[in-house]
Structure formats: C-alpha cells, structure tokens
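Here's the structure we're looking at; comments come further down.
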Amino acid sequence: MKILVLISHVPDTTARIAFTNDNTAYDANGVQFIVNPYDEWYALVRALELKEAQGGSVTTITVGGAATEPTIRKALAIGADDAVRVDAEPKDGHDVAVQVAAYAKDKGFDLVLAGKETIDHNGSQVGPMVAELLELPFISLAAKLDVAGGKATAERDVRGDVEVVECALPLVVSCAKGMAEQRIPNMRGIMAARTKPLQVVPAVASEALSTSVKFELPPPKQAVKLIPAEEAGKLIELLHTEAKVI
Amino acid sequence: MSVIVFADTRGAKVAKSALETLTYGRKLANKEGTTLTLATFGDAPADRLAALDANKVTVARNIGDADNQQLARFVADVAAKEGAKWVICSHDDTGKAVAPRVAARLKAGEVAGATTLPNEQGHIKRNVFSGKAQAWVELKTPVKVVSLLPNSIPVEAAQGTATVEEFTGDTGTAKVTVKEVRKAGEGIPLPEAEIVVSAGRGMKGPENWGLVEELAKELHAATACSRPVSDMDWRPHHEHVGQTGLAIRPNLYIAIGISGAIQHLAGVNGSKVICVINNDPEAPFFKAADYGIVGDAFQVLPKLIEAAKKLNAEK
Ligand SMILES: Cc1cc2nc3c(=O)[nH]c(=O)nc-3n(C[C@H](O)[C@H](O)[C@H](O)COP(=O)(O)OP(=O)(O)OC[C@H]3O[C@@H](n4cnc5c(N)ncnc54)[C@H](O)[C@@H]3O)c2cc1C
C-alpha cells in the first residue's frame with residue numbers, strides 16, 4: 001500500500017504568539033517549530049502501523065521553505081520512508097492543497113492522510129481540498145482507521161455518537177485523536193533519517209484565494225473573582241444572577 | 001447573484017448551528033440586497049423547510065451526509081445555478097468537510113471557522129493559533145465560501161415563506177457509506193453544549209467521576225476532560241478538549257482539578273465564562289478564569305451540586 005502523509009511545520013504548542021509588521025505577520029523569532037501534532041501522532045503513526053502490518057511505503061509531503069527540513073527529518077526519524085518538500089512558502093490552505101494534489105496526482109497513492117487541522121491556521125481545509133482536487137472521496141475526523149481488501153473502514157466521533165464508515169481505496173482521510181499512540185523517535189531512527197531521501201520539488205503556479213490581512217491578540221482577561229471554598233454554593237448563585245449563564 | 005446557505009435540517013428539530021448559518025446568510029443577503037437560498041438534504045418535511053428564513057429551499061432528498069463529495073457537488077451545483085456570491089456552511093463535522101471541497105471546486109476563497117460577518121473592508125475574523133489569536137481574512141475571489149464557527153452569532157429566527165423545490169441534479173453515487181452508528185448515551189453532545197463541566201487529573205481516578213457527572217446533570221451540561229485523563233482511559237477520547245482534542249466554546253466552562261496548561265486552554269479559551277476549581281492557588285488556570293474557588297474538589301463539588309439542586313427547585 002502506498003501512503004502519502006501531509007506534514008505541516010508549526011510553532012510548538014507552548015510558543016509565544018506575537019505578530020510583526022504592524023500585526024500582519026507571525027513573529028517566528030526564536031520560536032521552536034514542530035511537526036503538527038495531528039499529522040505526527042495520528043496520521044503518520046497510523047500510516048506506519050498500516051505499512052508495518054501490510055507492507056508498502058510511507059511518503060511525507062510538506063509545502064514550505066528550507067526551514068521546514070528539520071521538521072521533515074523528524075517525520076523521517078519516526079519512520080517515514082521518504083519525504084517530499086514542495087519548495088514554496090504556503091500562500092493559503094488552497095495553495096497547499098494545489099501543491100499536494102499536483103505532486104500526488106499521478107503517483108498512485110492508495111491512501112492520503114492528513115491531520116484534522118494544523119495548530120497554527122486551524123483551517124481543516126487542506127485534506128478536503130486535496131480530495132476535491134484529486135476527485136477522491138474524503139473521510140473527515142477519523143478516530144480509527146483500518147484497511148483490508150482494498151477498502152478502508154474508519155470510525156468517526158460525530159456529535160457524541162461513533163459512526164463507522166467504509167470506502168474503497170484510494171481516498172483521503174483526516175485523522176483525529178484515538179487513531180494511534182505517539183511514537184518517540186529512537187537513536188536509530190534519528191540516524192537513519194539523515195540519509196533517507198528528501199526530494200525537493202518546485203511549486204506549481206497557484207494564486208492565493210485568501211489572505212490573513214491582520215492579526216489580533218485577545219484582550220487580557222479581567223482578574224478572577226474568587227469565592228471562598230466554604231461558600232462554594234455561592235458560585236452557582238453568581239453564575240445565575242451575575243453571569244447569567246445558568 | 002444570491003447567498004447560499006448549506007445546512008443540515010434533519011432530526012427532530014433543526015439544529016442551532018443550522019439556524020445560525022441561516023441568520024448569517026440572511027444578514028449577508030440583506031447587506032448585498034439579494035436573496036437567500038437554502039441548500040439542504042434528507043427527509044425534513046417540506047412545510048418545516050418552508051418555515052425557515054430563506055427565500056428558496058433546494059432539498060436533495062436522496063443523499064445523506066456520509067459522502068462529502070456528493071454534498072459538495074450538490075452545493076456547488078446549486079451555487080452555480082443561483083449565481084451565488086456567497087456560500088455559507090456551519091463549521092461543524094459536516095461543514096468542515098463540505099465547505100473546503102466546495103471552495104476548491106468553485107476555486108473560491110474560504111474563511112474556515114468564521115466568527116464574524118464581514119467588516120467594512122469585507123474582512124472576516126477567525127480564530128488562529130488554536131484560539132490564542134484571531135486573524136482578519138480577505139477573500140480575493142468573486143465567489144466566497146464561509147464556514148461559520150458554531151456559537152458565534154445569536155440566532156434571529158424570522159418566520160419564512162420559502163418556496164421548496166427538490167434537487168434533481170446528478171451527484172454521482174456515494175463512495176463513502178455508513179456501516180453502523182453506535183449511539184452514545186443519553187448525555188448532551190459536547191460540541192453543541194452550552195454548559196460544560198470538565199475535570200482533570202485532580203479527580204484522582206475514574207471512580208470519582210460520579211461527582212462530576214452529577215454536577216453536569218444538575219446544570220444540564222456536557223462532560224469533558226483533560227488529555228491525560230483520556231490518555232489514561234479514565235474517560236472516553238471524545239471528551240478530551242484542548243489543542244489536540246476538541247475545541248469548544250460554550251457559554252460556561254467549569255474546570256475541576258485541571259491545571260490549565262497552555263495546550264488545554266487552547267481548546268477552551270473561547271468559552272464565554274470560565275470557572276476554575278483547584279486546590280492550588282498558583283494553578284495557571286486561575287489567570288484565564290472569570291470565577292474561581294481555591295479548594296479541594298471533593299469538598300467543593302458536593303456544595304455545588306447542592307446549590308444547583310436548590311436553584312433548579314426554585315426555577
Ligand atoms: C503537544 C501537546 C499537546 C497537548 N494537548 C493537550 C490537550 O489537547 N488537552 C489537554 O488537556 N492537555 C494537552 N496537553 C497536555 C498538557 O500540557 C497538560 O499536561 C494537561 O492538560 C494536564 O492535565 P491536567 O490539568 O488534568 O493534569 P495536571 O497538570 O496534573 O493538573 C491537575 C490539577 O489538579 C489539581 N488538583 C489536584 N488535586 C486536587 C483536588 N483534590 N482538588 C482540586 N484540584 C486538585 C492540581 O493542583 C493540578 O492543578 C498537551 C501537551 C502537549 C505537549
């Protein structure tokens with residue numbers, strides 16, 4: 001089975017969020033970047049498990065400049081066989097999808113896995129857009145994924161219920177919590193990753209259909225109103241009469 | 001030119017998220033001086049559809065929500081027929097898959113998870129960096145797609161007198177099919193809950209969740225938890241909120257025995273009111289809270305349950 005995993009390069013979950021150029025650009029100064037957790041913990045690890053059980057290959061693809069290569073090497077250290085970097089700064093979600101689809105189009109991937117969203121743009125756009133551009137079916141928010149007899153079976157948490165869905169390969173799946181357990185790369189993996197193939201391909205022409213023109217930070221929160229533990233019941237009263245939320 | 005709203009109208013009553021998208025669509029249509037067309041699917045009776053605040057309803061009777069490719073073909077088809085300038089979906093489980101597909105199909109710019117209507121410059125706000133910041137997005141295309149974050153605008157439900165017509169276009173066959181649905185218990189689904197009672201490692205073990213559930217029941221709330229709690233299987237995965245779980249924005253979020261790590265806050269900082277109960281006065285969560293109680297959860301929870309019961313009896 002040939003699997004393609006979308007890997008996004010994002011600021012660490014604890015990174016300071018600040019903006020430069022009159023709040024028009026993210027300030028990446030001194031920020032540590034990581035593999036987007038949904039891409040790493042769920043999509044990549046599940047791809048590796050499927051390959052280990054059934055044979056095949058796991059390729060990762062990232063749209064980004066050379067600065068994303070340490071992040072890509074991390075994905076290789078966890079176990080991907082090879083990686084592709086489309087050499088361009090992503091313009092928007094649609095642009096990323098166009099680049100991925102342009103690469104994947106004639107490669108015969110059976111399965112394309114994406115994280116359910118990235119933790120910086122939080123768009124949940126790239127997976128379904130890739131599916132649309134490749135004219136493939138798409139299963140969103142899968143918490144479990146299995147493949148047997150040319151068919152994928154996935155479980156999705158929808159509105160508290162669990163929905164079991166089925167679809168013939170090839171298809172695109174976006175991966176959420178529950179699909180796999182995080183894997184910490186070992187020394188052998190890290191060494192091997194240095195020499196695994198990382199192919200850099202040029203971007204295809206594509207226009208930004210949207211731009212983030214300005215960023216804002218939320219206003220600082222007012223100081224917390226403390227209620228003594230002995231009078232805890234007063235909280236319920238305040239939520240009713242003051243905050244009016246119950 | 002028109003505004004298209006795609007919404008799920010199935011079920012016993014039309015979901016709040018669907019009414020929110022209709023309110024959003026109506027406001028846009030008024031602003032643009034145009035009409036609103038609802039594109040929907042499933043078996044909702046025609047009289048119920050006609051009563052929704054749309055000028056026209058196009059309903060695809062024989063497609064479900066399992067295959068978003070079919071839904072996207074349907075919505076794009078309606079959009080093309082109506083000469084749509086705007087296509088509005090909810091940023092819910094279905095909309096999150098359909099809106100980007102429609103956008104790619106129409107080569108339209110998309111705002112995913114919008115929290116506002118367009119401002120004077122036509123820019124729309126959305127959350128970024130997992131709720132730690134917001135961005136104003138400009139859509140550069142003549143056709144624009146918006147998926148609206150649930151609970152972002154109040155519903156203004158006007159009585160409609162829409163004409164209802166059945167969709168006859170071709171959406172192909174469903175490639176994704178539903179094999180089985182395992183119904184969750186009675187509880188309120190977390191993504192739609194207006195009140196959420198959430199607990200963390202401070203509850204010490206799954207055997208103590210009775211208190212959390214009882215408070216949730218009295219407040220008509222859904223239950224949630226921190227990541228370690230679901231990782232240790234004290235609670236099911238779908239209760240995990242935060243940066244790597246579900247992002248929620250209820251009116252009230254009550255956090256019990258949760259430290260308030262940045263990754264946890266990322267999933268709940270859109271809540272309107274946050275209450276924190278923690279025995280450590282230095283817990284970072286207090287900085288993000290509106291109300292707080294420094295105290296032992298096992299002492300505080302029974303008091304809250306009692307007070308909630310009393311309030312319910314008075315209401
Ligand atoms: C990449 C990444 C992603 C992550 N994503 C998420 C995420 O999506 N969601 C998430 O929740 N976490 C996430 N985490 C983990 C996060 O960093 C914290 O470790 C986690 O939120 C802590 O959970 P907790 O508050 O339940 O436990 P702890 O941090 O152990 O906190 C327990 C709290 O309970 C209090 N307490 C103890 N006993 C009592 C008592 N008797 N009464 C009252 N209070 C008591 C303690 O004072 C403490 O504040 C992520 C971490 C990483 C690195």
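Side chains are part of it too, since the values below use all heavy atoms of this structure and drop only hydrogens, waters and symmetry mates. Lettering of chains follows the sequences in order, A, B, ..., and the numbering in each one begins at 1. Predicted model only: the values in this text are computed from it and were never measured.
Contact annotation for residues 171-179 of chain A against chain B (heavy-atom separation below 4.5 Å, listed by residue number): A:K177, A:G178. For residues 15-28 of chain A, the interface with chain B (any heavy-atom pair closer than 4.5 Å) comprises A:I17, A:F19, A:Y26, sorted by residue number.
Only the side chain of A:L141 comes within contact range of chain B, with at least one heavy atom under 4.5 Å from a heavy atom of that chain. Only the side chain of A:Y38 comes within less than 4.5 Å of a heavy atom in chain B; its backbone stays farther off. If you measure heavy-atom distances from A:P37 to chain B, the contacts under 4.5 Å come from the side chain alone. Residue contact with chain B, scored on non-hydrogen atoms closer than 4.5 Å, is absent for A:A97. Proximity to chain B is limited to the side chain of A:K221, based on heavy atoms less than 4.5 angstrom apart. Heavy atoms closer than 4.5 Å to chain B are found in both the backbone and the side chain of A:E216. There is no contact between A:P220 and chain B, counting heavy-atom distances below 4.5 Å.
A salt bridge does not link A:E207 to B:K107: none of the charged nitrogens lies less than 4.0 Å from a carboxylate oxygen. Under the 4.0 Å criterion applied to side-chain N and carboxylate O atoms, B:K179 and A:E163 are not assigned as salt-bridge partners.
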Self-check item: Stepwise side chain to side chain donor-acceptor pair (under 3.5 Å) check, A:T13 with B:Q263
Solution: CA-CA 6 Å; A:T13 53; B:Q263 299 93 352; 2.8 Å; yes
Quiz item: Given B:Q69 and A:E132, is the side chain to side chain donor-acceptor pair (under 3.5 Å) satisfied, shown in steps?
Solution: CA-CA 7 Å; B:Q69 191 170 21; A:E132 188 62 34; 5.4 Å; no
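In this structure, B:I195 and A:I246 have side chains that are in contact, with non-hydrogen atoms separated by less than 4.5 Å.
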